[in-house]
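First listed ligand is number 1; within each ligand, the first listed atom is number 1. The basis for the numbers below is simple: all heavy atoms, side chains too, and nothing from hydrogens, waters or symmetry mates.
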Amino acid sequence: MHVLVTGGAGYIGSHTVRELIKAGHRVVILDNLSRGHREAVAVLQKTTPAGTLDFVPGDTGDHALVSGLLQERGIEAVLHFAAHSQVGESVERPELYYRNNVVHGLSLLDTVREGGVKYFIFSSTAAVYGEPVEVPVSEEHPVVPANPYGATKLAFEGALRWYGRAGGPRWMALRYFNAAGADPDGDLGEDHRPETHLIPLVLQAALGLRPAISIFGTDYPTPDGTCIRDYIHVTDLAVAHVLALHALVRGAAPAAYNLGNGSGYSVLEVVRAAEAVTGRSIPVRHTGRRAGDPAVLVAGARQAGQMLGWRPRFADLRTIIDTAWRWHQKHPAGFETV
Ligand code: UFG
């Protein structure tokens with residue numbers, strides 16, 4: 001199948017492109033490189049068979065460009081990753097999130113519907129649930145986003161649902177918990193600017209690139225007082241997208257599924273696991289809570305297993321950190337490291 005991947009130069013998008021090509025699909029990446037990396041595309045082009053991958057720089061909101069691509073390439077499925085994804089930034093600059101994640105997203109969806117594309121997979125987030133009222137958080141949990149990032153992702157899920165009933169594509173939305181780790185081959189990984197995510201920050205501290213890691217709050221109602229999250233390996237997320245696409249092709253009903261391991265680790269447990277993996281001591285500094293952090297966020301992810309046949313391969317926290325560590329050691333300055 002010929003697949004359009006928006007945001008394919010980004011962290012989860014690039015890993016998914018690799019898994020799509022491994023599964024025998026041809027891919028066109030559409031990415032404006034505002035957050036993604038040209039170097040990630042170059043790595044993918046170097047490591048995939050000739051003729052399986054093409055890169056087109058541009059915006060999802062560019063109707064003429066996207067419409068031309070859909071027709072010229074005979075695109076049958078769109079996997080949509082292109083979005084802003086920093087919770088803190090979304091609170092400070094909601095306009096960026098509504099414009100990019102909702103306005104440009106809707107333009108893409110209009111173009112996709114006009115172009116008769118059959119399948120659409122959407123990169124969604126656990127942030128749609130907001131502060132959990134029950135853990136583990138299943139797909140039936142109320143959706144009350146606590147920030148514009150989650151609100152814009154939920155808005156787009158709603159559009160997918162209603163467009164789907166009005167001649168739009170058949171769709172699945174995949175709600176990730178905490179994406180982490182790197183491709184086991186070591187050539188694709190996580191490179192956000194600025195970096196705000198715990199595991200890359202911890203590994204940068206292990207490399208001596210940061211003096212210490214700040215622990216955001218030690219007075220949460222958890223066993224060690226720090227927040228608990230469900231870390232899920234990026235390659236497991238990537239594989240779930242391929243399975244979701246194949247399920248849609250087989251006739252599965254449109255739905256939103258959680259993607260997580262179903263087990264949580266505290267911030268301090270992550271730091272200790274990273275010390276064990278790296279063999280280095282990681283200095284910590286206790287600071288106050290970060291606004292908007294729920295104490296515990298763990299996925300109820302049984303439905304993705306049952307409906308998509310998805311089984312995470314890299315569920316162990318140390319394995320997740322080990323793959324990220326290999327990437328960070330080889331790429332201390334991210335994709336800019338030659
Ligand atoms: N943390 C620290 N110090 C840091 C960075 C993070 O203590 O320097 C803590 C956070 O407070 C949180 C945990 O580590 O408790 C994980 O934080 P991340 O920033 O890595 O991830 P979040 O849980 O905030 O959010 C991530 C994604 C969101 C997504 C959410 C869903 O960034 O896009 O997971 O679970 F919505």
Relative to ligand 1, is Val270 under 4.0 angstrom through side chain, backbone, both or neither, heavy atoms considered?
neither

Please tell me if the side chains of Leu30 and Leu65 come closer than 4.5 Å, counting only heavy atoms from C-beta onward.
yes

If you count every heavy atom of other residues, nucleotides or ligands that lies below 6.0 Å from Arg93 atom CZ, does the total exceed 12?
no

Side-chain touch Thr235/Pro184, heavy atoms, less than 4.5 angstrom:
yes

I need the nearest protein heavy-atom contact for atom 15 (O) of ligand 1: residue, atom name and distance, please.
Cys227 CB, 3.0 Å

Protein contact to atom 1 (N) of ligand 1 [nearest heavy atom, distance to 0.1 Å]
Phe216 CD1, 3.6 Å

I'd like to check whether Tyr176 has a polar contact with ligand 1, where a contact means an N/O of the residue lying under 3.5 Å from an N/O of the ligand.
no

Starting from atom 8 (O) of ligand 1, what is the nearest protein heavy atom, named by residue and atom, and what distance separates them?
Leu201 CD1, 3.4 Å

Aromatic Tyr220 / basic Arg289 pairing, under 6.0 angstrom, 45° off normal:
yes

Does an N or O from Ile215, backbone or side chain, lie closer than 3.5 Å to an N or O of ligand 1?
no

Got an N/O contact under 3.5 Å between Asp293 and ligand 1?
yes

Specify the protein heavy atom at minimum distance from atom 9 (C) of ligand 1: its residue, its atom name, and the distance to 0.1 Å.
Val267 CG2, 3.7 Å

For Glu157, give me all partners under salt bridge (Lys or Arg N to Asp or Glu O under 4.0 Å), at least two apart in sequence or on another chain.
Arg175

Suppose we measure from atom 31 (C) of ligand 1 to each protein heavy atom; which comes out shortest, and what is that distance?
Ala126 CB, 3.7 Å

closest protein heavy atom to atom 29 (C) of ligand 1 is Thr125 OG1, 3.4 Å

Please list, in number order, the atoms of ligand 1 under 4.0 Å from a heavy atom of Thr196.
5 (C), 19 (O)

Which part of Tyr231 is near ligand 1, with near meaning a heavy atom under 4.0 Å away: side chain, backbone, both or neither?
side chain

Could you tell me whether Arg290 and ligand 1 have an N or O pair separated by under 3.5 Å?
yes

May I ask you to identify the nearest protein heavy atom to atom 3 (N) of ligand 1, giving residue, atom name and distance to one decimal place in Å?
Ser214 O, 2.6 Å

Does some side-chain heavy atom of Ser123 sit less than 4.5 Å from a side-chain heavy atom of Leu174?
no

Starting from atom 30 (C) of ligand 1, find the nearest protein heavy-atom neighbour and note its residue, name and distance.
Asn178 OD1, 4.2 Å

With ring pair (Phe, Tyr, Trp, His ring centres under 6.0 Å) as the test, would you mind laying out the steps for His25 and His2 before giving the verdict?
CA-CA 6 Å; His25 299 293; His2 212 163; over 10 Å; no

Distance under 4.0 Å to a non-hydrogen atom of Ser85: what atoms of ligand 1 satisfy this?
33 (O)

Check step by step if ring pair (Phe, Tyr, Trp, His ring centres under 6.0 Å) holds for Phe156 and Phe122.
CA-CA 9 Å; Phe156 191 81; Phe122 177 51; 4.6 Å; yes

Flag for Tyr265-Asp230: side-chain donor and acceptor within less than 3.5 Å
no

Quick one: does ligand 1 sit under 4.0 Å from the side chain of His197, the backbone, both or neither, non-hydrogen atoms only?
both

Answer yes or no for Arg170 and Tyr119: cation-pi contact, defined as NZ/CZ to six-membered ring centre under 6.0 Å and angle to ring axis within 45°.
no

Please name the residue in the list Tyr176, Trp310, Phe120 that meets the ring-ring contact (aromatic ring centres under 6.0 Å, His included) test with His241.
Tyr176

Could you tell me whether Ala127 approaches ligand 1 through its side chain, its backbone, both or neither, with non-hydrogen atoms closer than 4.0 Å?
both

So do Val3 and Glu76 actually touch side chain to side chain, heavy atoms under 4.5 Å?
no

Residue Leu297 vicinity, atoms of ligand 1 by number, heavy atom under 4.0 Å
35 (O)

